[in-house]
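Just below is one structure, and these are the notes that go with it.
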Amino acid sequence: MMLIPAHHFRDIERKPEYLQPEKCIPPPHPRPAGTMWFIRDGCGIACAIVTWFLVLYAEFVVLFVMLIPSRDYVYSVINGLVFNLLAFLALASHCRAMLTDPGAVPKGNATKEFIESLQLKPGQVVYKCPKCCSIKPDRAHHCSVCKRCIRKMDHHCPWVNNCVGENNQKYFVLFTMYIALISLHALIMVGFHFLHCFEEDWTKCSSFSPPTTVILLILLCFEGLLFLIFTSVMFGTQVHSICTDETRQGIERLQRKKQRRERRGSWKSVKETFGGDFSLNWFNPFSGPCHPKPLSDRDWVRQVSSVSDTENTETTTTTTEEPSEEPKNEDFVELVDE
């Protein structure tokens with residue numbers, strides 16, 4: 001991250017090529033309705049595969065090293081059902097977070113015709129992203145990996161190979177929660193299994209040799225502890241951002257002192273994210289969040305008097321008189337990614 005003065009953006013916006021919406025043309029092959037969302041990023045795909053491998057490794061050790069060889073049938077059945085249910089919900093949440101459109105803004109809609117159809121009035125402004133040639137609604141940010149502007153983009157997570165945004169934040173929260181739960185459950189079972197093996201003969205507490213059993217349990221313990229800490233922190237930060245109605249993007253934190261944005265109540269924000277009033281569907285990865293209404297013309301337009309997100313954007317104004325100038329605030333700085 002680096003800091004760049006706001007007047008630098010004003011100099012860029014004065015360049016003719018940045019003020020010509022006719023240079024934006026719609027994408028030649030728009031995605032058909034119902035097309036599955038998937039980001040073709042090598043790093044993200046590798047991280048997603050590693051995530052599945054680690055969960056399946058934990059499944060293998062729990063079942064074939066600890067539960068199946070156990071002589072306590074009730075203990076094995078109960079813990080096997082609980083662990084497998086949590087693992088299934090974690091992987092299902094991972095798939096939904098990875099394959100759900102996080103809230104991408106239509107690509108290439110910053111055309112001259114579309115801007116003219118908005119019928120901008122004096123004092124109104126639209127922000128255009130020069131990277132994906134899209135008009136950015138309020139609280140949208142451009143993702144350099146997805147190569148799209150994402151509504152309420154929180155961050156891009158390589159572990160789910162997708163952005164965390166307006167439409168899939170619920171699935172990401174559930175993913176971190178279930179991974180934390182199965183990690184905690186695995187650590188507890190490893191502890192009990194070590195105590196059991198110390199009291200009895202190691203050759204009777206596992207179908208593997210004692211050295212192999214110890215190595216598998218230590219690896220599972222290390223994996224469980226690492227992911228318990230990581231996913232618990234992520235879960236806490238996500239819940240906090242939902243309750244405060246603020247994404248983790250640094251630009252929104254910077255805007256807090258510069259722009260008065262009407263924030264929704266904590267409970268209302270939670271209900272919109274998880275899908276209505278509290279119910280078991282909150283914890284169901286197959287139940288979606290409360291999707292907002294489709295963007296109308298007024299959703300693309302902002303008032304020029306407010307300090308809005310200008311990260312990697314340019315400004316286009318239409319007035320009946322002379323175009324309004326951007327407020328000159330030399331002390332204001334923008335946060336941009338390198």
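The first residue of the sequence shown is numbered 1, and numbering continues consecutively from there.
For the residue pair W37 and N168, no side-chain donor N or O sits within less than 3.5 Å of a side-chain acceptor on the partner. Looking only at atom types and distance, the side chain of W159 has no donor-acceptor partner in the side chain of H94 under 3.5 Å away.
Within the 4.5 Å cutoff, the side chain of M189 has heavy atoms near those of the Y75 side chain. Side-chain contact between V105 and P137 is present, with at least one heavy-atom pair separated by less than 4.5 Å. A heavy-atom distance below 4.5 Å is not found between the side chains of M66 and N79. Taking the side chain as every heavy atom from C-beta outward, Y171 and M98 never approach each other to under 4.5 Å. Taking the side chain as every heavy atom from C-beta outward, V65 and T213 approach each other to under 4.5 Å. For the pair V61/V190, no side-chain contact is recorded, criterion being any heavy-atom separation below 4.5 Å from C-beta on. Side-chain contact between R151 and P102: absent, with no pair of heavy atoms (C-beta onward) separated by less than 4.5 Å. Within the 4.5 Å cutoff, no side-chain heavy atoms of C157 are placed close to those of N162.
Using bins of under 30°, 30° to 60° and over 60° for the plane-to-plane angle, the ring pair H193/H196 lands in the tilted bin. In this structure, F175 and F172 have tilted ring planes: the angle between them lies in the 30° to 60° band.
Crowding of L195 atom CG: a count of heavy atoms from other residues, nucleotides or ligands under 6.0 Å exceeding 12. By the 6.0 Å contact criterion, CZ on F192 is open, its count of non-hydrogen atoms from other residues, nucleotides or ligands being 12 or less.
N109 contributes atom CG, which lies 8.5 Å from atom SG of C132 (distance to the nearest 0.5 angstrom).
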Assess whether side chain to side chain contact (heavy atoms under 4.5 Å, CB included) is satisfied between C133 and K107, documenting all intermediate values. CA-CA 7 Å; C133 213; K107 193 173 184 179; over 6 Å; no
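Ion pairing of E166 with K152 is absent here, as no side-chain N (NZ or NE/NH1/NH2) approaches a carboxylate O to less than 4.0 Å.
Aromatic rings from H185 and Y178 are positioned such that their centres are separated by 6.0 Å or more.
Cluster partners of Y73 are V77, L81, counting Ile, Leu, Val, Met, Phe, Trp and Tyr whose side-chain heavy atoms approach within less than 4.5 Å, directly or via other members.
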